[in-house]
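Here is the structure we will look at.
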Amino acid sequence: MPILPTLSDIRASIAQLEERHQRNGVVLSGRILHVCHSLPVTCTLHVDKDESSSSTRKWKLGPRYGHAAMISGIRSLSATHEQIIVGWTGDIEGTEGEKKEVGEVTEEDRLQLNDLIFKGGEQEDVHEAHDEGHHHTGYVAVWMPSPVAHGYYDGYCKQILWPLFHYLLWQDVATEYASADSHYPHYEAANAAFARRIAEIYQPGDLIWVHDYHLLLLPNLLRELLPDAVVGLFVHTPFPSSEVFRCLPRRKEILDGMLGANLVCFQNYSYTRHFISTCIRVCGYESHLNGRGIENPSSSHVTAVSYCPVGIDAERVARDVLRPGIKPKFDALKTLYQGKKIIVGRDKLDVVKGVLQKLRAFEKMLQIYPEWVGRVVMIQVTSPSLADSPKLERQVSELVAHINGTYGSLDFIPCHHYHQTLKKDEFYALLSVADLAVITPLRDGMNTTSMEFVIAQERTKRSPSVLSELMGVMGILGALWVNPWDLHTVASAMHRALLMPEAEKATRHKYLHDVVTTRTSHMWANVLTEMLLQQMTPSVHGKNDANAAGGRKGIPYLDIARLRKWYDAASSVPSSSTIPRQPTRPRAKPTRLFFFDYDGTLAPIVKIPSAAVPSEQALNALNNLCKDERNLVYIISGRDADFLDEHLGSVGTADGGRGLGFSAEHGGFVKEPRKSTDPSPWRNFTSKLDMSWMSEVYEVFRYYTERTTGSHIEVKKSSITWHYRAADPEWGQFQCRQCQDLLENNVAHKRPIEVLVGKKNLEVRPIAVNKGEIVKRLVYKHPQVEFIFCAGDDKTDEDMFRALKQFTERPSPSPKAESSIIDDSGKIEFVMDAPLSVTLVDDDDDEEEQGCDNSSNNTSANSKYPPMTIHLSPEAVFTVAVGHSSKRTLASWHVTSPAEVVGAVEGLLGLANSDEALEKREE
Ligand SMILES: O=P(O)(O)OC[C@H]1O[C@H](O[C@H]2O[C@H](CO)[C@@H](O)[C@H](O)[C@H]2O)[C@H](O)[C@@H](O)[C@@H]1O
C-alpha cells in the first residue's frame, strides 16, 4: 500500500511554515482570498410593493450547483484560515424569476447584498454546514453589466478558451463570429472588474488563489495593483500543447496575465510541461528554477509552475451514498435490468466529453462481442451544459436510436439515454448499481464522476472503470485506460471489464479507493495553501517579498535613496556642471567609478544582436553621468570595439567632456575615456596571445550553425560567439550543450581559452582576459575612489561582482585581516594586490601603450605595481544584477530590466522626476 501524506501532515506543515514566516517577519493575515468565476450562491432580489406603493427590497440567496470539489476544498480550509470567496453574482433574478439588469440594482441593494453574503459562511440554507469550520467564510460580489458578464463567460471563456484548452479549434465559431478575438474586450473588462474588487478588500499578508481559465489575466492585473501580494493561479482545465495554444490570437496577453502569479498550478504534470514549453516556444521566455519556473522579461519575478490534482470530498460522498432515498432507487434499477450487466456513463453534453465516441465504442462492442447482445445495457446520462449544442444532442439521439434499432428488440433496449440533471439520490443509485463505468472524455482537466463512482461502489460491487487517458489522471494502476478515439480498444476494454474476475476487481478498486480517499479536495486545497506560503519571503524593506520565487531569500531591490546618499557623499570636488573647467586647471581626480555591462544591462536583449542599440534615455543618462568630473564611466562589454564605438563612442564628449571608457570583448580591448577629438587607440590586451584557436573554434561553430536553423556566428577580433536565439529553443539549447561539450573536452583543454555560456549564445575568448580583471585594474588605477556602481545581467558580469566582492563585505576583525576600519564614516582600508592578467597605466591622461601580460608571467607587473591601499566604505559599493530577486548572483542588489538601470542612474542624478526625464519618457 503506497504511503501518502495525510491531511494532518499537510496542516502541520502549514502551521510550521507560518510559524517560521512569522519569526522571519513575514506578514500573514490568516486570510485566503479565493477568486472564482461566480459565487457559490445565486442572488434573487425580491421587491414587494404594499398598498401605498412603497416597496421593500430583500435579497434571497440560493445554492449554486457545480464546482463541488473546488468549493469543498476551499471550505475545508476554514479549519485553519479565514476564507473569502470572490466571484461574480451571476445574473440577478427578480421575484418572478425575471432577469434584472445591473442598473436596476440600487447602490443600497448592493450594500445590502455585500453585507449579507459576507456572512456567507453562516447561511445554513445556502450550503451544507461544514464540519470543520472554525473560521469565517465570507463571499464578496463582483458586479458586472450583463453584456460584459456574458460576453466574457458565454463568449470568450466558453467559445474561445474552453474549446482551445480541450484541443478544439474554432471552425464553428469562426463562421458565426468575426474571429477568435471577438469577445476579448469583455474578457479583459471582466478580469479588470475582479482586480478592482480584490484591491478594495485586500489586506497585507492575504494569500490569493485565482481559479481557472476564466481569470487568466487577473494575476498580472493584481501584480500591478498590489505588487506585494502573493498570488497563485490554479487552472482546472487541461493546458494544451504549445502548437495548439499558439493559435490563440491573444496568446501573449493571456500568458503574460498568468505569469503575474507567483505560482501557476495545474491538475497534472503534462499540463505544466505544456505551459512551460508554450512560454518558451511561443513567447521566447526563459525557464528557471531547474525548469520549474518561467521568467517573463517584462515582469519582475520568476513564476513557479507546479501541479496538484483536485480530488473530491470523499468523506462527504461516502456519507451521501448512504442517503436513505438511494436504496429504493437502487433496488428499482436492479429489478428493471435483472440478468443484465449495467454500464453507466454520466457526462455533460459537450463535444469534449466524447459521448458520441463512447456510444460508437459500445456499438462496436455489441458488434465484435455479439454474446453481449441482450445481456448488457448502457445507461448514458447527459447533463445540460452552457455550451449545449442542439446539433450534438440530435447526433446523440440519432446514434442511440441507431444502436437500439440494430441491436435491440421488442423486449431489449441496449442503450438508454437521459438528457437531464439527475437528483442526488438517482445519481448515486445509478453509480452504485453499475457493473462498469465508462468515462471517456476526449479531453478533461480532471473528472470527478470517475472518483465518485469509486466511493459509490465501495459497499456494492467494486465494479471497474474504463477511463480516458486524455483526462487528468489519478490512480493510474486502478482503472482500464483507453484512448477514446480508438473505438476497438474501448470496446475490448469494456468487454474485459465486464468479465473481470472478482479478485482483480477488488484489487483494482482498493487501489483507486486509496487514491480517491487520500488525494481529496481537502488535501488539494491544503497543498495549494502550503505551496503558496512557500512562495513568501521577507524582504529587507519589511514588506513581504512576493517576487523571490521558490521561497529562497531574494536579493533586495536597489535602494535608490541609499544609492544617491553614497553618490552625493563621494568627494567634495566641485562638478564641472557647476564650475566650468579651466583649460589650465588640472582635471579633478574621479572619485566615483561606474561599470556598466551593455547587452541586457543598458539595452534590452533582442533577437538580432545588431538591433540592440541604446535608447535615447540611456544615452541621455550616460551623458549626464559623464558631465560630472568626479565620475568615471566604463562600459564593460562582450561586444567588439566597432559596435561600442559606433553606438556609444561620442557619449559625454560634447564640450570637451571626458566621455566613456570601454572594455570590449570581455576585457580583450580597453579604451580609456577621453575627448572625441583625441586619437585614442584601443589597447589590445590580446595582441601577444596565441589566437590560432579561432579558426578551430570557428569550424566547430560552423558545424553547429549548419545543423541549427536560425543560429549564426559572430566573429570578433579576439573572441567568437555562436548565437542560437532565433533557433528552435529546445533544439538550440540541446545543440549548445553538445557544442559546449565538444569545445570543452576537445579544444579548450589544450588551448588558453575559455568557453562561456551566455544568453542564448556560446562564446569563446582567451582565458587571460575577463571583465573581473578589467574592473580590478580600474579600481587599482583609481585608489582615490569613494563610490563604485557596477551593473550586469550575465554570467560574465559575475566576474566583475566577484572582483568587487572584496570591497562590499566588512571583514571580521583579525590581526591578519587585509583591511581595517580607519575613520568614523566607516571607511575601511583595503589592501589590494595588482591585477594579475593585464598591465596597467598610471594615469588616464598619460598614454602608455600596453601589451598583454600573457597571463602567467606576472612577476614583473607585480614588482612594478605594488599592492595598493584603498579607503572605501563597503556601503558605497553597489553591485547590481539585472534580473529577478531570486537570481543566483554575487551582486548585492537587483533591478529587473535595463530600463530600471537607466532609471537608477537618473535617480541618483536627481533626474528621475526632472522635466528633462519626463519629456524624454513622453517622447
Ligand atoms: O557583455 P555584454 O555587453 O552583455 O555582451 C554579451 C554578448 O551580447 C550580445 O549577445 C546578446 O545580446 C543580443 C542582443 O540583445 C542577443 O541577440 C543575443 O542572443 C545575446 O546573446 C553580443 O552579440 C555578443 O557579442 C556579446 O558577447
Side-chain angles (χ1 to χ4, degrees), residues 280 284-286 297-298 594-615 618 622 633-649 651 660-671 686 694 697-698 701 704-705 708 710-729 732-733 735-736 739-740 753-766 769-775 790-801 803 880-883 887 889 891 897-899 901-902:
I280 295 171
Y285 296 158
E286 307 256 342
S298 60
F594 288 83
F595 305 117
F596 293 101
D597 161 58
Y598 182 70
D599 286 285
T601 300
L602 283 175
I605 294 290
V606 293
K607 273 213 163 130
I608 307 163
S610 58
V613 296
S615 65
L622 291 172
V633 187
Y634 283 88
I635 308 296
I636 312 283
S637 172
R639 292 278 185 166
D640 63 16
D642 292 346
F643 180 93
L644 297 174
D645 268 341
E646 182 187 347
H647 296 289
L648 297 159
V651 169
L660 294 170
F662 295 99
S663 158
E665 301 197 27
H666 300 293
F669 294 79
V670 170
K671 180 175 165 181
T686 64
M694 273 195 96
V697 172
Y698 179 85
F701 280 170
Y704 280 94
T705 308
T708 315
S711 68
H712 71 271
I713 306 169
E714 182 187 1
V715 180
K716 297 178 262 190
K717 290 200 177 63
S718 66
S719 58
I720 178 162
T721 310
W722 181 65
H723 290 275
Y724 63 94
R725 185 169 295 278
D728 176 279
Q733 191 164 36
Q735 291 288 76
C736 173
C739 183
Q740 183 192 357
I753 55 174
E754 200 171 356
V755 182
L756 311 169
V757 181
K759 291 194 161 172
K760 305 268 184 193
N761 77 29
L762 205 53
E763 302 208 48
V764 181
R765 60 145 168 74
V769 292
N770 74 57
K771 291 183 176 186
E773 284 304 313
I774 293 296
V775 162
C790 174
D793 70 312
D794 212 344
K795 277 198 194 135
T796 57
D797 304 321
E798 293 296 318
D799 289 334
M800 299 199 276
F801 301 147
V880 184
V882 184
K887 185 171 183 156
T889 176
S897 65
V901 174
V902 174

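Keep in mind it's a predicted model, so treat the numbers as computed, not measured. When reading the values below, keep in mind they use all heavy atoms of this one structure, side chains included, and skip hydrogens, waters and symmetry mates. When a residue number appears, it is its place in the shown sequence, counting from 1. Remember, it's 1-based here, ligands and their atoms both numbered in the order they're listed.
Judged by distance alone, the side chains of E798 and T889 do bring a donor and an acceptor atom under 3.5 Å apart. No side-chain donor-acceptor contact under 3.5 Å links S663 and K771.
Every atom of ligand 1 is numbered from 1 in the order shown, and the set under 4.0 Å from a heavy atom of H723 is 10 (O), 18 (C), 19 (O), 21 (O), 22 (C), 23 (O). Taking every non-hydrogen atom of Y598 and a distance limit under 4.0 Å, the qualifying atoms of ligand 1 come out as 3 (O). Taking a cut-off of under 4.0 Å to the non-hydrogen atoms of H666, the atoms of ligand 1 that pass are 27 (O). Here is the list of ligand 1 atoms found below 4.0 Å of a heavy atom in K771: 1 (O), 2 (P). Within ligand 1, counting atoms from 1 as listed, the ones closer than 4.0 Å to a heavy atom of A612 are 14 (C), 15 (O). Under a 4.0 Å criterion applied to the non-hydrogen atoms of K607, ligand 1 contributes the atoms 17 (O). For ligand 1, the atoms lying closer than 4.0 Å to a non-hydrogen atom of G638 are 1 (O), 2 (P), 3 (O), 5 (O), 26 (C), 27 (O). Taking every heavy atom of K759 and a limit of under 4.0 angstrom, the matching atoms of ligand 1 come to 18 (C), 19 (O), 20 (C), 21 (O).
Residue contacts with ligand 1: D599 is placed with a nitrogen or oxygen under 3.5 Å of a nitrogen or oxygen of the ligand (distance criterion only). Not one N or O of K760 is nearer than 3.5 Å to an N or O of ligand 1, by distance alone. Considering both main-chain and side-chain atoms, N761 comes within under 3.5 Å of ligand 1 through a nitrogen or oxygen pair. Considering backbone and side-chain N/O of D797, none are found under 3.5 Å from N/O of ligand 1.
Taking 4.5 Å as the limit, every side-chain heavy atom of V697 sits out of range of all side-chain heavy atoms of W722. In this structure the side chain of P898 never reaches within 4.5 angstrom of the side chain of L602, judged on heavy atoms. Using a 4.5 Å heavy-atom threshold, the side chains of Y285 and I280 count as separate.
Closest protein heavy atom to atom 2 (P) of ligand 1: D597 OD1, 2.8 Å. The nearest heavy-atom contact from the protein to atom 16 (C) of ligand 1 is V606 O, 3.2 Å. The protein atom (non-hydrogen) at minimum distance from atom 27 (O) of ligand 1 is E763 OE2, 2.6 Å. Scanning the protein for heavy atoms near atom 19 (O) of ligand 1, the closest one is R725 NE, 2.6 Å. The shortest contact between atom 3 (O) of ligand 1 and any protein heavy atom is with S637 OG, 2.7 Å.
Within the structure, ligand 1 lacks E665 among the residues with a heavy atom less than 4.0 angstrom away.
F594 pairs by the ring pair (Phe, Tyr, Trp, His ring centres under 6.0 Å) definition with F787, F789, not counting sequence neighbours.
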Would you tabulate the side-chain donor-acceptor contacts of residues 755-762 under 3.5 Å, counting partners in other chains and residues two or more places apart, or write 'none'?
unit_1	atom_1	unit_2	atom_2	d
K759	NZ	D793	OD2	2.4
N761	OD1	G758	N	3.2

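When atom types are taken as modelled, the side chain of T708 and the backbone of S711 share no donor-acceptor pair closer than 3.5 angstrom.
In this structure, the ring of Y704 has its center no less than 6.0 angstrom from the ring center of Y724.
Ion pair E665/K717 not flagged as a salt bridge, since none of the NZ, NE, NH1 or NH2 atoms sits closer than 4.0 Å to an Asp/Glu carboxylate oxygen.
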Next item on the list: Start with the C-alpha distance between K716 and D642, add both sets of side-chain angles, then the distance that settles salt bridge (charged side-chain N to carboxylate O under 4.0 Å, His left out), and finish with yes or no.
Entry: CA-CA 9 Å; K716 297 178 262 190; D642 292 346; over 6 Å; no
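Rounding to the nearest 0.5 Å gives a distance of 7.0 Å between SG of C790 and CZ of F595.
Residue contacts with ligand 1 for E714 involve side-chain atoms from C-beta outward but no N, CA, C or O (heavy atoms, distance under 4.0 Å).
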